[in-house]
Amino acid sequence: MRDIYNVIFQEEIPKYVQISNHIKRLIETKNIEDGEKLPTIREYTNYLGVNKVTIINAYNKLQNDGFAYQKVGSGTYAKVKEVRRSFSKEYSRVFRKLSSGNTKDAIDFAGETNNEVVFPIEEFKSIINKVLDRDGAEALISQNALGYENLRYTINEVFWDNSIDNESILIVSGAQQGIDIASKAILNINDNVIVEKPTYGGALSVFKWRRANIFEVEMEKDGVNLDGFEEILKKNRIRCFYTMSYFQNPTGISYSLEKKKKLIELAEKYDFYIIEDDYLSELIYEESVEYIPFKWLDRSDRVIYIKSFSKIFLPGIRIGYIVTPNIFRESMQNSKFNTDIATSSLMQRALELYIKDGAWKDNISYLNVEYKKRYELMSKLIYEELGDMVTCNKPGGGLTFYLKIADERVTSRELFLRLSKKNVYITPGVLFFRNMSDGDRTFRIGFSQTNEEKIKKGLKLIREELETWHI
């Protein structure tokens with residue numbers, strides 16, 4: 001019997017629960033492999049000095065939680081494959097409750113969109129009325145699979161200084177659909193994709209659904225590790241690299257100009273494409289962060305640029321756009337058409353007016369002022385409340401902080417479940433990794449759904465919960 005099966009019992013928790021949780025952690029951290037036989041009930045009973053019923057109950061709990069299975073006449077075996085599904089199911093259940101609207105007192109550190117407090121609703125109503133007065137029924141019934149023409153032209157004029165072909169701009173229903181459309185257009189089964197480690201879970205899901213082979217490259221303070229990146233390129237035929245160039249989700253890291261230039265050089269050298277998800281680049285709070293997206297540096301039409309307006313327009317209105325390379329223009333247009341035919345005409349027209357009239361600039365300025373206050377407060381309290389219990393780098397912008405737990409006994413999944421019982425919600429780091437165990441000591445917290453009072457209260461409750469592991 002290996003020492004890893006040993007458990008230090010705490011009196012207040014039933015022994016079978018402690019044994020079950022201990023084995024779960026061993027499975028998650030790969031100290032116990034998928035399909036590995038667990039000790040027999042008799043062996044474990046003698047090893048821990050507990051009765052037979054305790055071990056039976058522990059193994060039954062493991063099976064019920066999806067961490068083990070039983071072979072009749074053979075014994076109990078570890079089950080790794082169901083770990084993500086088991087937790088994802090619980091995570092979804094908790095957030096269905098949170099999104100139901102019946103938890104106004106909740107401290108939501110998991111949300112990433114702005115709320116009604118920081119969006120000018122009255123101004124939005126005025127914009128809608130102007131569109132209806134100007135366009136009448138046309139605003140409601142007109143459909144264009146590529147997107148409202150005036151919106152595409154305005155995006156090019158305002159954000160790109162008319163430097164790209166209007167026909168390269170495709171309106172989509174948010175960044176997630178943009179990633180999906182791009183992947184359908186360029187990826188076949190068993191194509192190879194490189195992603196950041198960790199990365200946005202929605203992108204991982206898309207690439208898995210396309211049945212692509214996913215390679216992960218560790219993130220450094222200014223982007224992916226280039227040595228590890230090129231090693232993969234040398235050994236594999238890579239089709240595309242998915243990246244979030246600003247305030248990467250979840251780490252908050254922004255790419256240095258040097259790394260952007262190098263990655264574009266590698267794309268040309270090794271013949272792959274870069275899917276750039278320009279995430280929250282409007283929300284820059286520190287002068288050290290300079291806005292130069294990959295697409296601005298792209299001279300060989302290697303970058304597929306994706307932008308969502310959900311963070312700066314209205315979260316419930318899913319509108320974004322893709323700038324497509326010429327080689328993929330037709331395939332992406334077909335992919336969009338086959339996905340949902342057209343995005344809401346009324347909302348596209350409202351967004352076009354919002355941008356053209358310059359209202360978006362005022363709102364972005366307001367968002368930066370409001371969110372910078374929360375950003376600085378959360379940064380200060382992470383240091384004061386959590387101290388050496390976590391490590392964290394200041395992102396310089398965006399809406400979230402990414403924390404690493406110092407205590408190896410703590411898992412972010414367990415922390416999430418405990419905090420949710422106190423009406424505090426975080427995002428466990430495991431959701432951003434291909435293999436869950438890689439991120440089980442990390443979690444993300446954001447401030448877009450909170451006010452200063454809730455930030456203070458929530459950080460205090462996180463501290464109190466982390467302290468319980470030290471007892």
Side-chain angles (χ1 to χ4, degrees), residues 84 87-88 91-92 95 109-114 172-184 186-187 193-210 212-220 223-225 229 239-255 260 263 273-283 293-295 303-312 315 318 320-322 393 395 397-404 412 416 425-436 438-440 442-446 448-449:
R84 178 178 291 273
F87 176 72
S88 296
Y91 182 82
S92 298
F95 274 91
F109 287 146
E112 293 181 80
T113 58
N114 55 17
V172 294
S173 300
Q176 181 68 29
Q177 188 186 68
I179 299 167
D180 184 60
I181 286 171
S183 69
K184 287 177 179 176
I186 70 175
L187 292 177
V193 176
I194 295 180
V195 300
E196 298 152 341
K197 183 180 182 181
T199 192
Y200 169 50
L204 282 175
S205 297
V206 168
F207 298 138
K208 288 177 180 178
W209 183 255
R210 294 299 297 166
N213 302 314
I214 301 172
F215 295 83
E216 296 175 303
V217 180
E218 295 283 351
M219 288 292 283
E220 298 178 329
V224 289
N225 178 292
F229 194 96
R239 184 60 169 164
C240 69
F241 165 50
Y242 170 76
T243 178
M244 306 181 85
S245 47
Y246 283 87
F247 314 123
Q248 192 257 9
N249 190 6
T251 64
I253 290 169
S254 297
Y255 276 74
K260 289 173 189 169
L263 285 163
Y273 292 86
I274 297 173
I275 300 177
E276 179 180 15
D277 187 350
D278 185 357
Y279 175 73
L280 291 179
S281 60
E282 299 83 6
L283 302 178
F294 279 93
K295 191 61 182 176
V303 178
I304 301 162
Y305 178 88
I306 300 174
K307 183 67 183 178
S308 171
F309 291 108
S310 297
K311 305 296 186 296
I312 63 169
R318 307 297 298 171
Y321 69 97
I322 305 178
N393 295 318
L399 296 172
T400 62
F401 287 83
Y402 187 63
L403 285 65
K404 184 173 182 180
S412 61
F416 164 79
Y425 301 90
I426 62 171
T427 305
V430 294
L431 299 175
F432 303 102
F433 291 81
R434 187 180 60 181
N435 298 315
M436 293 190 85
D438 288 339
D440 216 1
T442 64
F443 64 98
R444 190 193 67 193
I445 55 175
S448 64
Q449 298 293 318

Asker: Pairing donors with acceptors under 3.5 angstrom, does anything connect the side chains of T442 and Y402?
Answerer: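 Distance-only check passes for T442 and Y402.
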Asker: Search all heavy atoms of E220 against all heavy atoms of N225 and return the closest pair with its distance.
Answerer: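 Taking E220 first and N225 second, the nearest heavy atoms are OE2-ND2, 2.7 Å.
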Asker: With sequence neighbours excluded, what pairs up with Y246 under the ring-ring contact (aromatic ring centres under 6.0 Å, His included) test?
Answerer: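 So Y246 forms a ring-ring contact (aromatic ring centres under 6.0 Å, His included) with Y291.
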Asker: Applying ring-ring contact (aromatic ring centres under 6.0 Å, His included), can you list everything that pairs with F401, at least two apart in sequence or on another chain?
Answerer: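 Partners of F401 under the ring-ring contact (aromatic ring centres under 6.0 Å, His included) test: Y375.
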Asker: Which heavy atom in G398 sits nearest to a heavy atom in L280, and how many Å separate them?
Answerer: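 G398 and L280 have their closest heavy atoms at CA-CD1, 4.1 Å.
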Asker: Check each of I304, T199, I274, V206 against Y242 using the side-chain contact (heavy atoms from CB on, under 4.5 Å) test, and report the only one that passes.
Answerer: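 The residue from I304, T199, I274, V206 that satisfies side-chain contact (heavy atoms from CB on, under 4.5 Å) with Y242 turns out to be T199.
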Asker: Under the rule for ring-ring contact (aromatic ring centres under 6.0 Å, His included), what residues qualify as partners of Y279, not counting sequence neighbours?
Answerer: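 Here no residue qualifies.
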Asker: Using the ring centroid of each side chain, check whether Y321 and F309 are separated by less than 6.0 Å.
Answerer: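 That pair passes the under 6.0 Å test.
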Asker: Any donor-acceptor pair under 3.5 Å linking the side chain of R210 with the backbone of L187?
Answerer: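 Such a contact is found between R210 side chain and L187 backbone.
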Asker: Among pairs that include at least one residue of residues 174-184, which meet salt bridge (Lys or Arg N to Asp or Glu O under 4.0 Å), considering only residues two or more places apart or in two chains?
Answerer: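 Every pair satisfying salt bridge (Lys or Arg N to Asp or Glu O under 4.0 Å) with a residue in residues 174-184: D180-K184.
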Asker: Hey, does I214 have a side-chain heavy atom less than 4.5 Å from the side chain of I194?
Answerer: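 With C-beta onward as the side chain, the pair stays apart.
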Asker: If we ignore angles and hydrogens, is there a donor and acceptor under 3.5 Å between the side chains of S310 and S308?
Answerer: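 Short answer, yes.
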Asker: Output the distance between atom CG (L204) and atom CD1 (I179), rounded to the nearest 0.5 Å.
Answerer: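 One gets 10.0 Å once the value is rounded to the nearest 0.5 Å.
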Asker: Return the set of residues passing side chain to side chain contact (heavy atoms under 4.5 Å, CB included) with E218 (not counting sequence neighbours), or none when no residue passes.
Answerer: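 Side chain to side chain contact (heavy atoms under 4.5 Å, CB included) list for E218, sorted by chain: K197.
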Asker: Can you find a heavy atom in the side chain of S281 that is under 4.5 Å from one in the side chain of K307?
Answerer: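 Side-chain contact under 4.5 Å: yes.
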Asker: Which residues satisfy the ring-ring contact (aromatic ring centres under 6.0 Å, His included) test with F247, sequence neighbours excluded?
Answerer: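 Expected list: none.
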Asker: Nearest 0.5 angstrom please: I306 CD1 to I275 CD1, how far?
Answerer: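 Here the interatomic distance stands at 6.0 Å.
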Asker: Roughly how far apart are E196 CD and F432 CZ, rounded to 0.5 Å?
Answerer: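 It is 12.5 Å, given to the nearest 0.5 Å.
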Asker: With side chains defined as the heavy atoms from C-beta onward, is the minimum distance between Y255 and L263 less than 4.5 Å?
Answerer: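 Y255 reaches L263 side chain to side chain.
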Asker: Which atom pair, heavy atoms only, marks the closest approach of S412 to P428?
Answerer: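 Heavy-atom minimum between the residues: OG-CB, 3.6 Å.
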Asker: Give a yes or no on whether the backbone of V303 and the side-chain of K295 come within a donor-acceptor separation of less than 3.5 Å.
Answerer: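 Checking the backbone N and O of V303 against the side chain of K295, a donor-acceptor pair under 3.5 Å is found.
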Asker: Which residues satisfy the side chain to side chain contact (heavy atoms under 4.5 Å, CB included) test with N213, sequence neighbours excluded?
Answerer: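 Expected list: N190, N192, F215.
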Asker: Of all residues at least two apart in sequence or in a different chain, which pass the side chain to side chain donor-acceptor pair (under 3.5 Å) check with S183?
Answerer: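 For S183, no residue satisfies side chain to side chain donor-acceptor pair (under 3.5 Å) once neighbours in sequence are set aside.
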Asker: So do the side chains of Y305 and I322 get within less than 4.5 Å of each other, counting heavy atoms only?
Answerer: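 The answer is no; the side chains never approach within 4.5 Å.
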Asker: What are the two closest non-hydrogen atoms of D278 and S245, and how far apart are they?
Answerer: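 So the minimum-distance heavy-atom pair works out to CA-OG, 4.2 Å.
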Asker: Is the closest side-chain heavy-atom distance between Y273 and F241 below 4.5 Å?
Answerer: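 Side chain of Y273 against side chain of F241, heavy atoms only: no contact under 4.5 Å found.
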Asker: Do I186 and C240 touch side chain to side chain, with heavy atoms closer than 4.5 Å?
Answerer: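 They are in contact (side-chain heavy atoms under 4.5 Å apart), so the answer is yes.
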Asker: Is it true that K260 and E276 make a salt bridge, defined as a side-chain N closer than 4.0 Å to a carboxylate O?
Answerer: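 Salt bridge absent between K260 and E276.
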Asker: Residues two or more places apart in sequence or in another chain: which of them pass side chain to side chain donor-acceptor pair (under 3.5 Å) with T251?
Answerer: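 Only Q248 meet the side chain to side chain donor-acceptor pair (under 3.5 Å) criterion with T251.
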Asker: For N249, give me all partners under side chain to side chain donor-acceptor pair (under 3.5 Å), at least two apart in sequence or on another chain.
Answerer: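 Expected list: E112, R444.
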Asker: Would you please name every residue forming a side chain to side chain donor-acceptor pair (under 3.5 Å) with Q176, sequence neighbours left out?
Answerer: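 Applying side chain to side chain donor-acceptor pair (under 3.5 Å) to Q176 gives Y200.
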Asker: Could you grab the distance from atom CD1 of I253 to atom OG1 of T243, nearest 0.5 Å is fine?
Answerer: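 The distance works out to 10.5 Å.
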